[in-house]
Protein chains: 2
Amino acid sequence: MVERTRFDDSECPVGRSVDVIGDRWSLLIVREAFDGCRRFGEFQRSLGAAKNILSARLRALVDAGIFEVTPASDGSAYREYQLTPKGRDLFPVVVALRQWGEAHFFAPGEPRSELLDRRDGRRLDALRVRAADGRPLDPDDTVVTKVDPARAQRAMP
Amino acid sequence: MVERTRFDDSECPVGRSVDVIGDRWSLLIVREAFDGCRRFGEFQRSLGAAKNILSARLRALVDAGIFEVTPASDGSAYREYQLTPKGRDLFPVVVALRQWGEAHFFAPGEPRSELLDRRDGRRLDALRVRAADGRPLDPDDTVVTKVDPARAQRAMP
DNA sequence: CCGTATCCATTCCGATACTG
DNA sequence: CAGTATCGGAATGGATACGG
């Protein structure tokens with residue numbers, strides 16, 4: 001029996017993150033939640049996903065602590081799926097993906113959905129990685145610390 | 001024949017992004033590249049991935065314009081895989097994932113790899129989503145524009 | 001050392017039918 | 001409406017063998 005590689009014990013935080021949300025649906029579901037989706041049917045309609053896979057993904061996201069199920073809200077006997085603080089902390093991830101997609105997968109005038117500041121209606125500024133003092137950072141300015149090999153159990157991921 | 005749902009014509013930039021890098025390996029490969037990996041063997045050793053899958057993923061990433069193959073660099077007859085500008089633009093995505101993972105998958109003292117500012121050795125500040133004027137933004141402050149339904153061909157993703 | 005090819009297991013995904 | 005159950009097909013991932 002060959003088991004799939006897991007990254008949930010990786011010493012790299014990116015690995016542990018990818019282990020949970022590294023698939024085609026999770027981040028789209030989270031995006032819908034940021035956009036106000038709460039009910040199963042809302043997710044299903046707006047995503048166009050099959051019910052079984054939506055069901056499975058939602059369960060996985062709940063297990064991962066990204067969503068929580070609240071018994072009801074309007075009185076109907078059904079559940080609602082609500083982002084936890086951990087799930088809400090995915091906001092920068094989703095925004096970063098959005099901006100990357102905007103920059104590289106759309107022709108200049110091509111219609112697209114956009115993220116606006118609710119308070120003044122302006123488009124979101126480019127998300128920049130910043131150093132502690134606020135300076136913008138790029139990959140060349142950064143270095144990844146390696147964990148003490150004696151304590152690390154496995155390779156990088 | 002049942003075909004897998006594609007998001008590459010979605011009107012949402014997040015969908016198009018996920019369509020390309022929404023899997024378990026792509027972003028880890030990109031992360032290694034930010035960390036200096038260039039050669040097939042380097043990726044393979046540090047990721048611990050099987051060669052065939054690394055090969056397939058690298059090819060897909062090259063096809064997507066995220067990596068480019070440069071014929072050589074040190075004289076050996078082999079290729080090197082280098083991030084294109086489009087690939088380098090994934091830096092905020094990787095950093096956002098890293099910070100999310102740090103915040104939610106590590107115990108306080110648990111050893112982990114970290115991203116440091118090469119110039120002064122300080123840890124990276126928290127990545128924040130900012131409005132055009134620099135104010136931090138959170139999900140509650142944002143709203144997603146819907147594309148004109150007449151022009152949109154499909155549902156949200 | 002750098003990959004590609006093959007083979008197989010597992011997982012993911014989609015359509016549909018079904019229950020409450 | 002809100003899911004679960006089942007099924008088949010596709011994609012992914014892993015081990016290994018092989019050629020440049």
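Chain letters run A, B, ... following the sequence lines, proteins first and then strands; every chain starts at 1.
Using a cutoff of 4.0 Å between basic side-chain nitrogens and carboxylate oxygens, A:D141 and A:R135 are not scored as salt-bridged. With salt bridges taken as basic N to acidic carboxylate O contacts below 4.0 Å, one links B:K146 and A:D35.
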A:K86/B:F105 under side-chain contact (heavy atoms from CB on, under 4.5 Å): CA gap, chis, key distance, verdict: CA-CA 10 Å; A:K86 180 176 180 178; B:F105 295 106; 3.6 Å; yes
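OP1 or OP2 of D:dA2 sits under 4.0 Å from a side-chain N or O of A:R39. Here B:R59 does not reach the OP1 or OP2 of C:dG3: none of its side-chain N or O atoms lies under 4.0 Å away. Side-chain N/O atoms of A:S55 include none lying less than 4.0 angstrom from OP1 or OP2 on D:dG3. Contact annotation: B:R79 reaches the phosphate of C:dG3 (side-chain N/O to OP1 or OP2, under 4.0 Å).
No hydrogens or angles considered: a donor-acceptor pair under 3.5 Å links the side chains of B:E32 and B:S46. Side-chain N/O atoms of A:N52 and A:S55 include no donor and acceptor closer than 3.5 Å.
Partners of B:E102 according to the salt bridge (Lys or Arg N to Asp or Glu O under 4.0 Å) rule, which considers only residues two or more places apart in sequence or in another chain, are B:R112, B:R123.
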Show each protein N/O and nucleotides 18-20 of chain C N/O combination with a separation under 3.5 Å, one pair to a line.
residue, atom, partner, partner atom, Å
C:dG20, N2, A:Y78, OH, 3.1

Protein-nucleic acid N or O pairs under 3.5 Å, nucleotides 10-12 of chain C:
residue, atom, partner, partner atom, Å
C:dT11, O3', A:R4, NH1, 2.7
C:dC12, OP1, A:R4, NH1, 3.1

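With a 6.0 Å cutoff to the six-membered ring centre and a 45° limit on the axis angle, A:R39 does not count as a cation-pi contact of A:Y78.
Contact annotation for B:Y81: backbone-only contact, meaning every heavy-atom pair under 4.0 Å involves sugar-phosphate atoms and none involves a base.
Taking atom CG of A:L47 as the reference point, atom P of D:dA2 lies 14 Å away to the nearest angstrom. A straight line from CD1 of A:I29 to P of D:dG3 spans 13 Å, rounded to a whole angstrom. B:E80 places its CD atom 15 Å from the C1' atom of C:dG3, with the value rounded to the nearest Å. In this structure, the CZ atom of B:R45 is 14 Å from the C1' atom of C:dG3, given to the nearest Å. A:Q44 has its CD atom 12 Å from the C1' atom of C:dT16, to the nearest Å. Here the C1' atom of nucleotide D:dG3 and the CG atom of A:L58 are 11 Å apart, to the nearest Å. The interatomic distance linking B:R6 (CZ) with C:dC13 (P) rounds to 14 Å, in whole Å.
Two rings, from A:W25 and A:F43, have their centers 6.0 Å or more apart.
The hydrophobic clustering, which links ILVMFWY residues whose side-chain heavy atoms are closer than 4.5 Å, places A:F91 and A:L116 apart.
Closest contact between the side chain of B:N52 and the listed nucleotides C:dT6, D:dA2, C:dG14 involves C:dT6.
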